[in-house]
Protein chains: 2
Amino acid sequence: MNGRPTIKDVARKAGLSLSTVSLVLNKRENVSDETRRKVLDVINELGYYPQRSARGLASKLSGNIGFVLTDDHFTQAEPFYTKIFLGTELEARKYNYYVLLTTVARTVKETDEIPRFLLEQNVDGVIIAGRIGLSWIEYIRRFKLPLVLIDYDVARHNLSSVVMDNRGGAQLVVDHLHKGGHTKIGFVGGDLDHPSIAERYLSFRETMQARGLSLNGAWVQVDEADTRIRDGYEAMKKILNSADRPTAIFAANDAMAIGCIRCLKESGLRVPYDMAVVGFDNIEAGLYVEPRLTTINVHREEMGELALRRIMEMINHQNNVVTKTLAPVELVVRESCGIKTQEHGHQIPHTFSKQGGNHEDLAHGFGTGSRSADVSVGSGGTEHEPASER
Amino acid sequence: MNGRPTIKDVARKAGLSLSTVSLVLNKRENVSDETRRKVLDVINELGYYPQRSARGLASKLSGNIGFVLTDDHFTQAEPFYTKIFLGTELEARKYNYYVLLTTVARTVKETDEIPRFLLEQNVDGVIIAGRIGLSWIEYIRRFKLPLVLIDYDVARHNLSSVVMDNRGGAQLVVDHLHKGGHTKIGFVGGDLDHPSIAERYLSFRETMQARGLSLNGAWVQVDEADTRIRDGYEAMKKILNSADRPTAIFAANDAMAIGCIRCLKESGLRVPYDMAVVGFDNIEAGLYVEPRLTTINVHREEMGELALRRIMEMINHQNNVVTKTLAPVELVVRESCGIKTQEHGHQIPHTFSKQGGNHEDLAHGFGTGSRSADVSVGSGGTEHEPASER
DNA sequence: TAATAGAATCGAAGCGTTTCGATAATACGG
DNA sequence: CCGTATTATCGAAACGCTTCGATTCTATTA
């Protein structure tokens, strides 16, 4: 009786057997309401809480999910994966699961760098977030655990994944610019190696064509080395060199969009008056650029949630159908696109939700809507505030 | 024999008893070298790995450490706590421990928001990082688990903590400015509520006096509402209003330093020529300000490491002496202080290590030194790069 | 050489659950 | 009113490890 009470104490005090108490704990059926109540009362009275390791041992389930991130992803300034993790963690609580976060180098090297939770059978499923070495994916697959990727996907591996609705986002951008009167739209893609960038690019092309807008080869730059500010800057330069110029630029991510803006300013062009610019990702830096960046917001936390739910499905129902889940995106209108309000004269917030799932299969948990309150829109708070004292 | 091998399989194959194998696993003494070798061979051959929950159940230790963070701390753009967590996680691996990261609201509210790992006896110790509601600290204390605070401290609670060497850092700043020829040094502190800010302030005063430099009340502004950019801006304004002006400003954190610079620029003053500015914390934004900020770098990951080691000590040796551990800091010289090189004509890197522990008790793990390679110093890479495509 | 101490190994109990097959209690249809 | 199906509860084994006290073996000492 010293230390915390155990299930045995509960059983004794309730005048029932261990197994019955266990049935109540696990919310199994075939327990009379009366018994259930009695057990719950005793549990409350004693302050009993089942012990993790004992459960794990008996049930063959650890109650943990492994969350794998490359270290560079985790420590980058933009808290993108941090938010995804948070979404996963919050959702995991509902299932009474823990999330074991571990970081790895980009590619598998030494044996002792392998996430121990795999070796110790300490997780019931694994989530991998972000671009990671294929060797890792292959390695982890061998453990035959439920596995879900977030914000990454490898076509030839047949894995479930949660990705943002890149195609939908690109469509939103083109349509917004189009409705704002632009017909000559350029694209800055950096390099197309990253699956998300490629998708945005393809959808850009498709949407342009679908809207009857012509593509000018000189306005589409997808040959840079990377997808950073510098690459956007260089790509913009090339576009400015073309004889005819577009009136708007869709950059495949915010970093490159910032590079575009920088280049335009240096060239003495005014954004958005001489050239409109729209990005993708809604990173913080987009708020500090002048003019502030119109972009596509991604529901980061929701991505983490969706992945966790998917994993739980796989764990509980052995549901191993491969799914691609699209996380919703939305347009965030700021000043860099030069399009003040919606054509109908709508007010703030200038956000349009785009429901994905245009060709992929079922999209779980879409449109909770409430989250859009998080999104910074239009007006207010111009000051740059990187961090107060912690 | 299906599924993973267990300790039983190892014992059988090695022709030894369970207990002997267990002794080897736990690196206990009183095992002959021959036996040890044989066991290890079999383990290797079978690919055996002890199972977590079974261990936990038998040993009464979960093998987990709880890491508590308030949600705002975790998701802020500056990856300060993220890095601390990473340090903890990496160090935990050495002890074969897992770190369970959970976030909480600033103050305790609903019961079901309590970190489950406490209730489920799923951690052997707890680390709390950053400023957090006292109610949380009090609540967690009741579980009688080893507890360490990082980057926060509450004098009246007698708790072990790991904090950066605020006093040492402030001293470095004053000395650097002094050696650079400044004698009229102002201080911008925002408000002194935060323990770290208060320490920096006190140490600033002490060092000034120790160096025989006089303090001018008009140059010391510690009455703002917060410690953000805006507060630095306002404080700077007041200082500029004084009849006599200082030639250098020490802002108690980088955010306020940035505010100071902004104000100075707007007033038509040039930094560092008309006024030198130095900050504290080495946040990323300090690299993107013009001129780039001279500041005090804090070894974030090391703070996490130190805390984990301390916790492990407490777990293993029941060593419950209360300790305050100081994490080392170093001066990072960039352009905002206007002091090009060290007086001896030293070259890059412009970093001076300051060993803390000036009055606090033992400081664990100081001066590993290797980490200073992480620190951005002096030259190179001017471009602002918030985030490439992930 | 007998007595003793120490080192190496072993057996068995125990950790706190879940789960499966058995049993007891209740309801139902004919 | 009895046999059967269904529901509620129970007992005991099992999960994979640690640990403690007991046992065996070897070396040391008087």
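A note on names: the letters A, B, ... follow the listed sequences, proteins ahead of strands, and every chain is numbered from 1. Keep in mind that this is a model prediction, so the values were computed, not measured. What you see below is based on every heavy atom in this structure, not just the backbone, and it leaves out hydrogens, waters and symmetry mates.
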Scan nucleotides 12-17 of chain C nucleotide by nucleotide, 5' to 3', and note B when protein non-hydrogen atoms come under 4.0 Å of the base, S if they reach only the sugar-phosphate, - if neither. --BBBB
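Comparing A:T20 and B:G15 along DNA chain C, the residue whose closest nucleotide (by nearest heavy atom) sits nearer the 5' end is B:G15.
Within the structure, every side-chain polar atom (N or O) of A:S32 is placed at least 4.0 Å from both OP1 and OP2 of D:dT7. Close to D:dA8, at under 4.0 Å from its OP1 or OP2, lies a side-chain N or O of A:N30. Not one side-chain nitrogen or oxygen of B:R36 sits closer than 4.0 Å to the OP1 or OP2 atom of C:dA8.
Taking atom NZ of residue A:K38 and atom P of nucleotide D:dC10, one finds them 9 Å apart after rounding to whole Å. Look at CG on A:L23: it is 9 Å from P on C:dT18, rounded to the nearest Å. Distance, A:L61 CG to C:dT19 C1': 13 Å, rounded to whole Å. Taking atom CD on B:E34 and atom P on C:dA7, their separation rounds to 18 Å, with Å as the unit. In this entry the distance linking CG of A:N122 with C1' of D:dC17 reads 14 Å, nearest Å. Distance CZ (A:R28) to C1' (D:dC10): 15 Å, rounded to an integer number of Å.
Using a 4.0 Å cut-off between charged nitrogen and carboxylate oxygen, B:R142 and B:E138 do not count as a salt-bridge pair.
Among the protein residues, A:R52 comes within range of no part of the nucleic acid, since none of its heavy atoms lies under 4.0 Å from any strand.
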For the pair B:E34 and B:R37, evaluate salt bridge (charged side-chain N to carboxylate O under 4.0 Å, His left out) and give the outcome as yes or no after the intermediate values. CA-CA 5 Å; B:E34 194 197 336; B:R37 277 230 51 76; over 6 Å; no
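For B:R4 (side chain) and A:L119 (main-chain N/O), a donor-acceptor pair under 3.5 Å exists by modelled atom type. Not one N or O on the side chain of A:N122 forms a donor-acceptor pair closer than 3.5 Å with the backbone of B:R52.
Summarising the local packing, NZ of A:K94 is surrounded by more than 12 heavy atoms from other residues, nucleotides or ligands at distances under 6.0 Å.
Aromatic ring centroids of B:Y81 and B:F74 lie 6.0 Å or more apart.
For A:L16, the side-chain atoms get nearest to D:dC10 when compared with the rest of D:dC10, C:dA8, D:dA8.
Of all heavy-atom pairs spanning B:K38 and B:A14, the tightest one is CD-O, 3.4 Å.
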